[in-house]
Amino acid sequence: MFHIVERTIAGRVAAFIRERFGADAPVSLEQPKQASFGELAIPAAFALARQLRQNPRKIAADFVAAIGPIPGVASLEVAGNGFINVRLDRAALAALMVAGEAPAPPASGGKIIVEHTNINPNKAAHIGHLRNAILGDTFVRMLRASGRRVEVQNYIDNTGVQVADVVAGFVHLENKSAADVAALIASPAVRFDYYCWDLYARVSSYYHDHPEALEWRPQALHAIEHREGEAAAIAALVSDAIVDCHLKTMLRLGVYYDVLPRESEILHLDFWATAFEQLKARQAIYFETEGKNKGCWVMPASAFKDSDDASGDSKVIVRSNHTVTYVGKDIAYQLWKFGLLGKDFHYRPWREYDHHTVYVTTDQPQQTSVSFGAGYQVYNVIDSRQSYLQDVVVAGLRALGYHDQAERSIHFSYEMVALSPRTCVELGIELSEEDRQRPYVEVSGRKGLGVKADDLIDKLIDKALEEVVSRHPEAPPEECRRVAGQIAVGALRYFMLKYTRNSIIAFDLQEALSFEGETGPYVQYAAVRARNIFRKLEERGGTLPDFAALLDKAALERQLADEDLWQFLLAASKSGSAVERALASGEPAHAARYAFQLAQAFSNFYHGYPVLAEENPERRAFLLWLTACFRSQLERTLDVLGIAAPEYM
RNA sequence: GCGCCCGUAGCUCAGCCGGAUAGAGCGAUUGACUUCGAAUCAAUAGGCCGGGGGUUCGAGUCCCUCCGGGCGCGCCA
């Protein structure tokens, strides 16, 4: 509700600046440092001062004198050396809220594609993947909450080196046939993704000890690419089974996808050939005739680097053996995402969730009429280590003349998840003396180490279950387990979200398992307590008062004269504003922080104002109504973060 | 060597386009359960915002430089 008022004020101020000063300054509203300064501050006078070469304080004074009344605003005051502080009409804002939140507008605007997760389908997911998926999924939820149309893609590299290595392991180290692997997948006694996790580690160390074995890799890759023989059959079995494992893991966290575009279809539908023709025709790449890249098609360094010196290394797109690099395929894929390739996949349903179907690409024409891609804007959630390659992809678009699309290709980058030294020790990872001194240890490069996503979730659930059972010994076990699951997911999602994207997370088991302080469970607990007040009311045979009848403008005016109550209401009105801010800054962490602040405000309110014990009827109605506001905003914000509000805790 | 990121309280981090007295959580110390459940709340201590220069009415935020740390820079993906 608050952001609607915010928007009204910003619009009115911008219009006023236009007509009076003839300037088109963008109007931003800030939150004043202190609550006593009012609810909003307009710093516009500073920008105008520079333009008009006048004292900002004087401009602010003129401004306040001339602007006239603004709906929802009680007063404007000049403060500091040129701030204009806004005091809202408390009862007016509250009356809007009593009348009810305006219905969410239908999804509008161009389709936004968010690609995330993108795990190699050759082994179980680990904590680094969790950060990717949680970040991507939360961003998707934020976009949808603000009325954007979104399509979620999870790219599957089912023909790459990592799959090939596991295939080589099955063939050469384990002498398994496709039928053996199929039996392994079907066996209830085997966790296939964990099995492959270990096998992949074994293959890697075997390569290390027997370098000659490395030739297995190109053999497997060739077989997979041409769909020949046992190796190709095993590769298909492995990647399909592992994709199912990944989707199941992500489902535990409430992460869903719309479509799984696969590398195999990019190959077999000749996406690259089409992109290659475009790149050659527009001279975005050229055939190198000399130097170390002789015989390759390359993109000049000047296309993707700022420096104008041509000395930088150009990027090979097509190798001298005529095969295309990863970046080349990625350019083709990015073109498809914008509907610029002039080609499309075919699609078939892959799996069915609650009431949601995930589609997968196929090279065979289908009956279904679904379509994907052709987005207006594209977010690629990929860790920051790949920013160089992402730059090359965007440069490819630009070199083809697609400047707008290049602008709307956003590398939604984030830093890695490392482990804290003590967590390494706990997991039995040997550390050098140097590592022990570091704040964190990067571990994902060390094959077979690291923390599996499902293990972590299980550990969190066990811990939460202990706490739930100790508090509710009488509750049925399955119910406790469900609540524990919600708490575990809340803890994990919040932990991954509370850091801004380019902060390295030093993952610490103890810290992640802690349910106190700035955590998901803290926010969940606030939501539970808000709900409990209404449950208690019902248990005592009370009924919900008619808020609209009891809380007229005069009543709201009386109640909101209490500064603390006004601050509480204000906090509870800002969820829309917080999501918009998080979206604008591209930081889901900002939404997470708001959730925490809201929960803090409620806990504070909870202690200071016994709602049900209140005897004055108007006051009691108001406190109940405020509780309802807190409750709906807490639940709404948790939902945007992908965190459930449990029945009890 | 080149490019990108980071350096803020003992620890982990916020700090929105440059604005008012730099904020949280954890840890420490001290209080609050006969109350709508203490997974909570209140209070205290803790800061040369890595160093130095600049830009201006005004810098944690922008520019330069130095120091310290991380990550990239393949005809791997």
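Note on naming: letters A, B, ... go to the chains in the order of the sequence lines (proteins, then strands), and numbering restarts at 1 for each one.
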Which residue pairs satisfy the side chain to side chain donor-acceptor pair (under 3.5 Å) criterion with at least one member in residues 523-532 of chain A, sequence neighbours excluded?
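Checked against side chain to side chain donor-acceptor pair (under 3.5 Å) - neighbours excluded - the pairs reaching residues 523-532 of chain A are R531(A)-E635(A), N532(A)-R535(A).
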
Determine: side-chain N/O of [X] to OP1/OP2 of [N], distance under 4.0 Å, yes or no.
X       : N       : result
R540(A) : rC36(B) : yes
H322(A) : rC75(B) : no
N604(A) : rA42(B) : yes
Q600(A) : rG25(B) : yes
R217(A) : rA77(B) : no
N502(A) : rC6(B)  : yes
R535(A) : rC36(B) : no

Could you check whether Y499(A) and Y414(A) have their ring centres less than 6.0 Å apart?
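Aromatic pair excluded; centres sit 6.0 Å or further apart.
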
Measure centre to centre between the rings of Y522(A) and F515(A), then say whether the value is under 6.0 Å.
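No - the distance between ring centres of Y522(A) and F515(A) does not fall below the 6.0 Å cut-off.
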
Provide, to the nearest angstrom, the distance between the CZ atom belonging to F605(A) and the P atom belonging to rU40(B).
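Result: 19 Å.
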
Paired and unpaired positions of RNA chain B as dot-bracket, Watson-Crick or G-U wobble under 3.5 Å, | denoting a partner strand:
(((((((..((((.....[...)))).(((((.......))))).....(((((..]....))))))))))))....

Tell me every residue that passes salt bridge (Lys or Arg N to Asp or Glu O under 4.0 Å) with R217(A), counting only those two or more places apart in sequence or in another chain.
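D165(A).
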
Using atom [atom1] of each nucleotide, how far apart are [N] and [M] to the nearest Å?
N       : M       : atom1 : answer
rC41(B) : rG47(B) : P     : 25 Å
rG51(B) : rC67(B) : P     : 15 Å
rG53(B) : rC13(B) : C1'   : 29 Å
rU44(B) : rA24(B) : P     : 11 Å

Check if the side chain of E511(A) and the base of rU12(B) share a donor-acceptor pair of N or O atoms closer than 3.5 Å.
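Between rU12(B) and E511(A), which were checked side chain against base, a qualifying N/O pair under 3.5 Å is absent.
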
Examine the side chains of [X] and [Y] and answer whether a donor and an acceptor come within less than 3.5 Å of each other.
X       : Y       : value
S384(A) : E415(A) : yes
Y440(A) : E442(A) : no
T423(A) : S420(A) : yes

If you measure from the Lys or Arg side-chain nitrogens to the Asp or Glu carboxylate oxygens, is any gap between E479(A) and R482(A) under 4.0 Å?
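Salt bridge flag = no for R482(A) with E479(A).
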
If you take any heavy atom closer than 4.0 Å to RNA chain B, which residues from residues 513-526 of chain A end up in contact?
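Correct list: F515(A), E516(A), G517(A), E518(A), Y522(A), Y525(A).
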
Sequence neighbours left out, cut at 3.5 Å: what donor-acceptor pairs do the side chains of residues 587-598 of chain A make with other protein atoms?
from: E587(A); atom 1: OE1; to: R501(A); atom 2: N; distance (Å): 3.1
from: H590(A); atom 1: ND1; to: S585(A); atom 2: OG; distance (Å): 2.9
from: Y594(A); atom 1: OH; to: A571(A); atom 2: O; distance (Å): 2.8
from: Y594(A); atom 1: OH; to: S575(A); atom 2: N; distance (Å): 3.2

Set out, line by line, the N/O atom pairs under 3.5 Å between protein and nucleotides 44-47 of chain B.
none

